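Every heavy atom of this structure was used, including side-chain atoms; hydrogens, water molecules and symmetry mates were not. Quick note on labels: first sequence line is chain A, next is B, and so on, each numbered from 1. From a predicted model like this one, the values you see are computed outputs, not experimental measurements.
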Number of protein chains: 2
Amino acid sequence: MPRDTLTRDQIVRTAVELLDAEGLEGLNMRALGKRLDSAATAVYWHVKNKDNLVLLATDQVWGELKLPDLDAVDWRTAATGMAIDLYEMFTRHPWLVQAFAAHVLYGESKARHDDHSLAVYEAAGFAGAQADQAASAVFTYVLGNAAGAAATASLARKLARDDTTAEEQFQDAMAKAQEIAMRYPRLRARLDTSAAASYAAAPDKAFEFGLQALLDGLEQQIAGQPAG
Amino acid sequence: MPRDTLTRDQIVRTAVELLDAEGLEGLNMRALGKRLDSAATAVYWHVKNKDNLVLLATDQVWGELKLPDLDAVDWRTAATGMAIDLYEMFTRHPWLVQAFAAHVLYGESKARHDDHSLAVYEAAGFAGAQADQAASAVFTYVLGNAAGAAATASLARKLARDDTTAEEQFQDAMAKAQEIAMRYPRLRARLDTSAAASYAAAPDKAFEFGLQALLDGLEQQIAGQPAG
DNA sequence: CCGGCGACTTGAACAATGTGCAAGTCCTTT
DNA sequence: AAAGGACTTGCACATTGTTCAAGTCGCCGG
């Protein structure tokens with residue numbers, strides 16, 4: 001009977017769990033080791049270093065994405081679906097956004113996704129470099145939106161972990177931020193209104209609004225300058 | 001004559017220098033202390049902790065931005081200008097993107113900018129929450145674009161610092177990434193083409209392309225549903 | 001069946017870094 | 001000149017990534 005040994009795959013999946021629970025700065029090798037019931041340094045036999053582990057975790061997560069069948073749906077439906085799926089992936093795994101800003105990421109699943117994304121915009125009528133720019137515009141839009149969610153998630157974790165200390169600091173920061181906002185008419189209006197709560201609750205609405213605007217704009221580009 | 005003493009402002013400005021040069025992970029209190037000709041811990045008298053320092057540095061940088069005069073230019077020119085300025089700020093200070101994904105940021109200069117941004121989209125004809133969503137869409141688009149630049153900058157720094165070790169790892173990673181890309185037709189095409197070089201050289205083009213598409217889309221929204 | 005080899009794990013150790021603390025040093029105020 | 005506050009310093013500790021030499025385990029050739 002073969003010895004019960006660690007797997008690279010097992011390590012990566014556990015790392016994703018930890019990243020989801022504790023964020024990018026919450027992932028450390030000792031905690032990972034503990035969760036794997038092994039010494040922290042055992043991981044180094046399977047993975048080069050922490051950066052490499054994050055790279056692998058990233059691509060693992062990318063593999064969650066299902067790609068739309070381009071023969072079955074029109075490009076706009078496909079583009080919307082891919083963008084929403086991506087956005088949801090980022091909100092499920094907020095650390096991804098940080099990883100994206102810190103390292104150049106690549107991997108099998110991401111390549112698969114990128115290729116499919118290009119196919120969508122080629123199907124829409126963009127040729128060559130234009131398809132690149134369209135795909136990249138939508139991707140970066142999604143990424144930017146997710147950044148807000150990531151920051152919020154990081155804050156929420158901090159509040160959940162440190163019972164009381166962080167709570168005060170948070171209140172303090174909130175108070176300072178509000179005090180600043182009160183001095184700017186448009187920001188103030190958004191604090192005063194009873195609508196304030198609904199704003200905060202609806203980053204997803206803002207995301208879809210902007211996404212449709214962006215896709216509208218792209219569609220317009222094609223109309224103005226049809227398939228070359 | 002008063003003693004020559006550290007200033008909060010001086011500390012923040014030095015921190016920005018260090019952040020620009022070494023990135024977010026390159027900023028550490030001892031290095032900061034050395035650059036200020038003082039003990040690392042002297043900083044703690046002026047600033048609560050590192051996170052707080054980054055927050056202050058962020059707002060310092062936000063202060064670089066000039067805001068367009070809304071009585072002098074139409075909204076679209078103003079929106080384009082603000083977006084481009086923002087993008088340039090992010091590329092000048094790539095660590096900002098990481099900071100944005102990791103912490104919830106606020107400050108005087110950012111509030112000023114946000115307020116002005118809302119004014120632009122209200123001038124465009126968006127009311128209330130719609131102006132919020134429009135402004136947020138453009139902002140997040142810019143942020144997302146900057147993430148790519150930030151990752152590239154981080155990589156470039158790493159290559160510049162570690163003379164030879166990182167060089168090999170980079171070549172290795174490049175080779176792996178290319179090997180993957182070669183298995184996907186559209187990605188492969190973009191490696192094969194002589195155009196490959198021009199792609200890589202033109203993230204700014206992609207940025208402006210998407211920005212105009214997004215603004216086109218927003219404009220269309222107003223046209224379809226005029227000022228309420 | 002056994003000896004060794006390669007796969008994998010472990011624990012100790014080191015360097016880098018954020019930060020608290022007690023003791024200093026310097027200027028201003030009375 | 002004495003006192004008190006503003007600021008600085010050095011030391012110390014905890015946390016974390018990573019290396020390394022020494023283990024342990026199971027298989028395989030003899």
Answer yes if the ring centres of B/F139 and B/F100 are under 6.0 angstrom apart, and no otherwise.
yes

Whole-Å distance separating the CD atom of A/Q10 from the C1' atom of C/dT9
14 Å

Sequence neighbours left out, what passes salt bridge (Lys or Arg N to Asp or Glu O under 4.0 Å) with B/K205? Give chain and number order.
none

Using whole Å, report how far CG of B/L6 lies from C1' of C/dT25.
14 Å

Partners passing side-chain hydrogen bond (donor to acceptor under 3.5 Å, both in side chains) against B/S117 (at least two apart in sequence or in another chain)
none

Could you list all N or O pairs between the protein and nucleotides 4-6 of chain C that sit under 3.5 Å apart?
none

With sequence neighbours excluded, what pairs up with A/R188 under the salt bridge (Lys or Arg N to Asp or Glu O under 4.0 Å) test?
A/D192

Rounded to the Å, how far apart are A/L32 CG and D/dT18 P?
12 Å

Figure out the NZ/C1' separation between B/K34 and C/dA16, and round it to whole Å.
13 Å

Consider only side-chain N and O atoms of A/Y121 and A/D132, and report whether a donor and an acceptor are under 3.5 Å apart.
no

Can you measure A/K50 atom NZ to C/dA16 atom C1' for me and round it to whole angstrom units?
14 Å

For DNA chain D, determine which residues of residues 22-29 of chain A have any heavy atom closer than 4.0 angstrom to one of its atoms, and list them numerically.
A/L27, A/N28, A/M29

Sorted by chain and residue number, the salt bridge (Lys or Arg N to Asp or Glu O under 4.0 Å) partners of B/R112 (sequence neighbours excluded) come out as none

Determine which pairs satisfy salt bridge (charged side-chain N to carboxylate O under 4.0 Å, His left out) with at least one residue from residues 83-106 of chain B, sequence neighbours left out, and list them in order.
B/E64-B/R92

By a strict heavy-atom criterion of less than 4.0 Å, which residues belonging to residues 41-49 of chain A are in contact with DNA chain D?
A/T41, A/Y44, A/N49

Salt bridge (charged side-chain N to carboxylate O under 4.0 Å, His left out): which pairs involve residues 178-187 of chain B, sequence neighbours left out?
A/E108-B/R183, A/D115-B/R186, A/E122-B/R186, B/E179-B/R183

Expressed as a whole number of angstroms, how long is the span from A/L36:CG to C/dT10:P?
10 Å

Test: salt bridge (charged side-chain N to carboxylate O under 4.0 Å, His left out). Region: residues 18-29 of chain A. Which pairs qualify, not counting sequence neighbours?
A/E25-A/R157

Relative to the 5' end of DNA chain C, which residue comes earlier, A/D37 or A/R30, by the nucleotide with the nearest heavy atom?
A/D37

Salt bridge (charged side-chain N to carboxylate O under 4.0 Å, His left out) pairs touching residues 27-50 of chain A, sequence neighbours excluded, are A/E17-A/R35

Which residues pass the salt bridge (Lys or Arg N to Asp or Glu O under 4.0 Å) test with B/D114, sequence neighbours left out?
B/K110

